[in-house]
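Note sheet for the following structure.
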Amino acid sequence: MALLSDLINLNLSDTTEKIIAEYVWIGGTGMDLRSKARTLSGPVSDPAKLPKWNYDGSSTLQAPGEDSEVILYPQAIFKDPFRRGNNILVMCDAYTPAGEPIPTNKRYNAAKIFSDPAVASEEPWYGIEQEYTLLQKEVKWPLGWPIGGFPGPQGPYYCGIGADKAFGRDIVDSHYKACLYAGINISGINGEVMPGQWEFQVGPAVGISAGDEVWMARYILERITEIAGVVVSFDPKPIDGDWNGAGAHTNYSTKSMRSDGGYNVITSAIEKLKLKHKEHIAAYGEGNERRLTGKHETASIHNFSWGVANRGASVRVGRETEQNGKGYFEDRRPASNMDPYVVTSMIAETTILWKP
């Protein structure tokens with residue numbers, strides 16, 4: 001008699017050329033990922049060769065019940081680490097039947113910005129540091145914390161090891177390997193300052209692919225925590241008090257910044273970000289005011305600042321970048337629940353296209 005695990009792990013390629021494609025999209029809250037699967041006649045590697053599909057937008061807060069059909073456009077393909085074989089995960093964005101992007105489709109505008117010749121010629125690179133918190137499912141309290149109580153103060157947990165310091169490493173390492181399998185350019189992981197909190201980094205990724213890869217990495221993480229019976233939170237300040245919040249620090253460079261003389265390009269770009277501080281803050285995630293207090297390695301949400309090697313600034317420039325006279329900078333303002341399509345394209349638009 002076959003076990004459930006045997007059936008889940010069936011290798012379809014032994015008996016059929018058909019594959020399963022899991023279509024993934026972003027729901028109406030802007031953070032709720034949704035997905036559903038369909039059978040295709042054979043392997044596909046080009047998203048343009050995938051069929052469009054539809055879903056009930058009235059059940060995702062994206063359409064009224066009397067006109068509920070929303071159309072999925074496949075945009076990026078990843079290998080499926082859950083079904084494996086030739087099966088795929090498909091990152092999609094959403095449109096009306098008339099072909100107009102729905103209001104929650106943030107990818108559409110981002111793609112327009114990244115396809116602008118002035119932006120494309122600068123080859124914008126991104127490295128996004130996605131922080132998140134693992135919660136006990138029944139009580140929504142951080143993993144490893146005593147229920148209704150608190151662990152010892154912050155200090156030993158950042159990049160820590162040991163059963164009293166690192167909680168959820170099996171989930172984190174599973175996610176790391178699953179992302180590599182999927183083809184996501186995940187560049188590292190680490191335990192964060194607050195116990196139960198972790199980070200993964202995606203990048204360097206160019207242009208729109210940074211958003212695609214971060215969203216798919218989030219999807220894979222949600223699926224793994226589902227299996228583990230743990231809840232993942234992207235709240236920027238999941239626990240009030242003397243605990244670090246969760247951000248999505250966004251490292252950024254252009255071809256001009258990476259070339260000789262690039263430091264002057266970097267400082268000019270930072271000055272543009274300063275002038276657009278309020279607009280960026282408004283788009284950098286919900287609840288970010290609870291995190292950007294000027295404490296716990298953040299700058300105040302009300303003031304823009306930058307500095308070399310300063311983790312208490314809005315924007316940090318690395319020592320190596322200063323020494324080399326070229327490189328990249330880190331925008332430390334985005335919250336953990338930011339939309340990577342919005343943040344990456346907005347940084348490119350402000351620093352490359354906007355003329356003060």
Side-chain angles (χ1 to χ4, degrees), residues 23-34 47-48 50 52-55 57 60-63 69-78 90-128 130 202-219 234 248 250-254 269 272-273 275-286 288 331 333-356:
Y23 279 44
V24 179
W25 72 95
I26 302 156
T29 70
M31 275 301 291
D32 57 317
L33 284 160
R34 311 282 181 133
L50 287 169
K52 294 174 184 175
W53 207 7
N54 65 76
Y55 66 92
T60 63
L61 305 176
Q62 292 173 300
E69 194 167 286
V70 180
I71 313 302
L72 291 171
Y73 286 31
Q75 299 291 359
I77 291 175
F78 300 89
V90 184
M91 194 68 220
C92 305
D93 58 355
Y95 297 78
T96 68
E100 296 295 322
I102 66 172
T104 54
N105 181 352
K106 306 302 182 184
R107 190 187 191 281
Y108 178 79
N109 187 62
K112 285 204 302 184
I113 291 170
F114 285 121
S115 63
D116 185 291
V119 175
S121 66
E122 280 288 356
E123 296 177 10
W125 289 6
Y126 297 91
I128 297 175
Q130 176 69 70
V202 170
V206 180
I208 197 70
S209 64
D212 290 336
E213 293 188 26
V214 169
W215 273 117
M216 191 54 74
R218 286 174 172 177
Y219 174 82
F234 294 103
T250 301
N251 299 276
Y252 169 70
S253 71
T254 63
K272 287 184 176 183
L273 291 175
L275 296 174
K276 287 268 193 177
H277 179 61
K278 288 185 178 179
E279 291 91 335
H280 280 253
I281 286 295
Y284 273 18
E286 294 294 325
N288 211 10
D331 191 338
R333 298 171 295 172
S336 51
N337 60 1
M338 64 79 160
D339 188 323
Y341 292 136
V342 173
V343 169
T344 57
S345 62
M346 196 173 193
I347 291 173
E349 184 176 36
T350 295
T351 60
I352 299 172
L353 298 178
W354 183 57
K355 307 297 182 187

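Just the heavy atoms: all of them, side chains too, but no hydrogens, waters or symmetry mates, feed the values below.
In this structure, A76 and P47 approach most closely via the heavy-atom pair N-CB, 4.1 Å. Contact detail for L50 and P74: the closest heavy-atom pair is CB-CG, 3.7 Å. Taking every heavy atom of both residues into account, N288 and A335 meet most closely at OD1-CB, 3.3 Å. Scanning both residues, A348 and Y126, for their nearest heavy atoms gives CB-OH, 3.4 Å. Of all heavy-atom pairs between Y55 and A94, the closest is OH-CB, 3.7 Å. Scanning all heavy atoms of the two residues, the minimum distance from Y108 to P101 falls at CD2-CG, 3.5 Å.
Checking W125 against N251 by side-chain atom types alone, no donor-acceptor pair falls below 3.5 Å. Checked by atom type, the side-chain pair E286/N337 shows no donor-acceptor distance below 3.5 Å.
Y73 pairs with exactly one of W53, W25, Y23, Y95 by the ring-ring contact (aromatic ring centres under 6.0 Å, His included) rule, that one being Y95. Here the options are I113, V214, I128, the test is side chain to side chain contact (heavy atoms under 4.5 Å, CB included), and the partner is T344; only I128 passes.
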Using side-chain contact (heavy atoms from CB on, under 4.5 Å), reason through M338 and T250 one step at a time and then give a plain yes or no.
CA-CA 10 Å; M338 64 79 160; T250 301; 3.9 Å; yes

Intermediate values then yes/no, side-chain contact (heavy atoms from CB on, under 4.5 Å), V70 and T60:
CA-CA 10 Å; V70 180; T60 63; 5.9 Å; no

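A heavy-atom distance below 4.5 Å is found between the side chains of D212 and Y341.
Proximity of a side-chain donor or acceptor of Q130 to a complementary backbone N or O of S336 within less than 3.5 Å is detected. Side chain of Q62 to main chain of I26: a donor-acceptor pair is present (N/O by atom type, distance under 3.5 Å, no hydrogens or angles). One N or O on the side chain of K272 and one on the backbone of W354 form a donor-acceptor pair closer than 3.5 Å. Remark: side-chain polar atoms of T350 are not paired, donor with acceptor, to backbone N or O of I347 under 3.5 angstrom.
Taken from SG in C92 to CD1 in I71, the straight-line distance is 11.5 Å, to the nearest 0.5 Å. Taken to the nearest 0.5 Å, the CE atom of M91 stands 8.5 Å off from the CZ atom of R107. Rounding to the nearest 0.5 Å places CZ of R218 at 12.5 Å from CE of M216. The structure places CG of D116 at 4.5 Å from CG of L353, a figure rounded to the nearest 0.5 Å. Note: T254 OG1 to E123 CD = 10.0 Å, rounded to the nearest 0.5 Å. Atoms CG and CG, from D93 and N109 in turn, are 12.0 Å apart once rounded to the nearest 0.5 Å.
For D32, the salt bridge (Lys or Arg N to Asp or Glu O under 4.0 Å) criterion is met by R34, not counting sequence neighbours. Take D331 and apply the salt bridge (Lys or Arg N to Asp or Glu O under 4.0 Å) test, not counting sequence neighbours, and it matches R333.
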